[in-house]
Amino acid sequence: MIDALRAEGFDVLSIQETTPGISDANVLRLAVDQARILLTFDRDYGELIFRQGFAPPISVIYFRSFPSNPYEVSDTVISLLRESESLAGAILVITRQGIRRRNFQKKSNE
């Protein structure tokens with residue numbers, strides 16, 4: 001998947017390649033600091049953002065179910081990234097039934 005995204009010209013940072021084992025909170029901070037979209041199979045990011053109040057990145061793309069083949073994730077992500085304006089400010093939950101969008105709460109000073 002990472003290679004497919006890079007082949008399409010996307011700037012991809014893989015935690016597994018750069019800093020394996022760092023905490024979810026630190027992954028989230030890194031995504032915010034580097035203005036990245038976070039792609040994950042880990043539901044903990046929703047908990048960190050919505051319940052614990054961590055600052056959200058541009059967007060989170062959360063795959064709730066595992067893909068049936070190696071191309072399913074990259075094809076879905078590439079399609080979503082090509083329409084990136086629809087990603088900002090939300091977590092997108094990808095399931096077999098479709099895509100659900102949950103907007104991040106705006107801070108009171110925004």
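- Taking 4.5 Å as the limit, some side-chain heavy atom of Leu30 sits within range of a side-chain heavy atom of Leu13.
- Going from atom CG of Asp44 over to atom CZ of Phe54 covers 11.0 Å, rounded to the nearest 0.5 Å.
- Partners of Ile99 according to the side-chain contact (heavy atoms from CB on, under 4.5 Å) rule, which considers only residues two or more places apart in sequence or in another chain, are Leu80, Leu92, Ile94.
- Looking at residues two or more places apart in sequence or on another chain, you find no side chain to side chain donor-acceptor pair (under 3.5 Å) involving Thr18.
- Partners of Asp75 under the side-chain contact (heavy atoms from CB on, under 4.5 Å) rule, at least two apart in sequence or in another chain, are Tyr71.
- Among residues at least two apart or in separate chains, salt bridge (Lys or Arg N to Asp or Glu O under 4.0 Å) pairs with a member in residues 8-20 are Arg6-Glu17, Glu8-Arg82, Asp11-Arg36.
- With Leu39 as the fixed residue, the side-chain contact (heavy atoms from CB on, under 4.5 Å) test singles out one of Thr76, Leu81, Val77: Val77.
- Across all their heavy atoms, Ala4 and Ile78 have their closest contact at O-CD1, 4.1 Å.
- Listed by chain and number, the residues in a side chain to side chain donor-acceptor pair (under 3.5 Å) with Arg43 amount to none (sequence neighbours excluded).
- Of the possible donor and acceptor atoms, none in the side chain of Thr19 sits under 3.5 Å from a partner among the backbone N and O of Ile22.
- For Ser59 (side chain) and Ala90 (main-chain N/O), a donor-acceptor pair under 3.5 Å exists by modelled atom type.
- Of the inter-residue distances, the one linking Ile61 atom CD1 with Ile37 atom CD1 reads 5.5 Å to the nearest 0.5 angstrom.
- Every residue meeting the side-chain contact (heavy atoms from CB on, under 4.5 Å) condition with Ile49, not counting sequence neighbours, appears here in chain and number order: Leu28, Pro56, Pro57, Val60, Phe104.
- Considering only residues two or more places apart in sequence or on other chains, Tyr45 meets the ring-ring contact (aromatic ring centres under 6.0 Å, His included) condition with none of them.
- Counting non-hydrogen atoms of other residues, nucleotides and ligands closer than 6.0 Å to CZ of Arg96 gives a total above 12.
- Applying the side-chain contact (heavy atoms from CB on, under 4.5 Å) test to Gln16 and every residue at least two apart in sequence or in another chain returns Ser14, Pro20.
- For Arg101, the side chain to side chain donor-acceptor pair (under 3.5 Å) test picks out Asn103, with sequence neighbours left out.
- Between Val32 and Arg29, every side-chain heavy-atom pair lies at or beyond the 4.5 Å cut-off.
- Every residue was checked against the salt bridge (charged side-chain N to carboxylate O under 4.0 Å, His left out) condition with Arg64, not counting sequence neighbours, and none meets it.
- Under the ring pair (Phe, Tyr, Trp, His ring centres under 6.0 Å) criterion, the residue pairs touching residues 22-43 are Phe41-Phe63, Phe41-Phe66, with sequence neighbours excluded.
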